[in-house]
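Inspection log for the structure reproduced underneath, given as structure tokens.
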Amino acid sequence: METREGGGVHGLVGAERLTAMGHGELAPAVASHPVTALLDEDRFPRGWPSVLVSVADRHVTGGFVTTDQRIDDLAIRYPQHKAALEAARRPAHDLEAEVADAAGLSVDELGARMRAACETAP
């Protein structure tokens with residue numbers, strides 16, 4: 001889904017543009033944020049910046065949603081990629097649990113804090 005040969009390439013293109021603009025330090029987090037990067041050994045989010053951007057991206061689509069709602073929405077919009085999106089569901093939940101654990105929160109508490117931050121952002 002998120003390769004040059006098919007599907008969207010916004011993560012890769014965004015990373016290339018940031019690098020060209022002199023912000024290469026942001027490129028790994030942008031390149032690894034698409035949900036399908038969770039299925040790609042080379043692009044799987046590594047390091048806290050990439051993990052945090054990936055987890056945050058699973059929670060927004062015109063407003064705050066759960067990880068499952070986000071993946072379900074993508075599957076409706078891109079039915080040709082439904083199998084890959086379903087395969088990415090477990091790794092998406094695992095990354096979210098990793099962030100919650102590192103923050104000393106339950107997944108539900110992390111979600112509530114993220115929702116509150118999203119809803120109060122300008």
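You'll find the side chain of Leu39 stays beyond 4.5 Å of the side chain of Phe44, heavy atoms only. When side chains are defined from C-beta on, Asp40 does not count as touching Thr36, because their heavy atoms never get closer than 4.5 Å. Using a 4.5 Å heavy-atom cutoff, the side chains of His23 and Arg17 are not in contact.
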Please step through side chain to side chain contact (heavy atoms under 4.5 Å, CB included) for the pair His81 and Leu74, ending with a clear verdict. CA-CA 8 Å; His81 301 297; Leu74 289 168; over 6 Å; no

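When the shell of 6.0 Å around CZ of Arg46 is examined, it contains more than 12 heavy atoms from other residues, nucleotides or ligands.
Interatomic distance, Leu52 CG to Met114 CE, rounded to the nearest 0.5 Å: 9.0 Å. Here Gln69 contributes atom CD and Phe64 contributes atom CZ; the two are 9.0 Å apart, rounded to the nearest 0.5 Å. We find the CG-CG distance between Leu95 and Asp57 to be 12.0 Å, quoted to the nearest 0.5 Å. Rounded to the nearest 0.5 Å, atoms CZ (Arg77) and CG (Asp72) are 12.0 Å apart. How far CG of Leu38 is from CZ of Arg90: 12.0 Å, rounded to the nearest 0.5 Å. The distance from the OG1 atom of Thr61 to the CG atom of Asp73 is 4.0 Å, given to the nearest 0.5 Å.
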Using distance only, find each side-chain donor-acceptor pair of residues 115-122 under 3.5 Å and give its atom names and separation, not counting sequence neighbours.
{"residue": "Thr120", "atom": "OG1", "partner": "Ala116", "partner atom": "O", "Å": "2.9"}
{"residue": "Thr120", "atom": "OG1", "partner": "Ala117", "partner atom": "O", "Å": "3.4"}

Which atom pairs, donor and acceptor, lie under 3.5 Å between side-chain atoms of residues 104-111 and protein residues at least two apart or in another chain?
{"residue": "Ser106", "atom": "OG", "partner": "Asp108", "partner atom": "N", "Å": "3.4"}
{"residue": "Ser106", "atom": "OG", "partner": "Glu109", "partner atom": "N", "Å": "3.0"}
{"residue": "Ser106", "atom": "OG", "partner": "Glu109", "partner atom": "OE1", "Å": "3.4"}
{"residue": "Glu109", "atom": "OE1", "partner": "Ser106", "partner atom": "N", "Å": "2.7"}

Atom pairs and distances, donor-acceptor, side-chain atoms in residues 24-35, under 3.5 Å, two or more places apart:
{"residue": "Ser32", "atom": "OG", "partner": "Pro28", "partner atom": "O", "Å": "2.9"}
{"residue": "His33", "atom": "ND1", "partner": "Val30", "partner atom": "O", "Å": "2.6"}
{"residue": "His33", "atom": "NE2", "partner": "His10", "partner atom": "NE2", "Å": "3.0"}

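Nearest heavy-atom pair across Val60 and Arg70 is O-NE, 3.0 Å.
Distance alone, capped at 3.5 Å, places no donor-acceptor pair between the Ser54 side chain and the Ser50 backbone. Not a single donor-acceptor pair under 3.5 Å links the side chain of Arg58 to the backbone N or O of Ala92.
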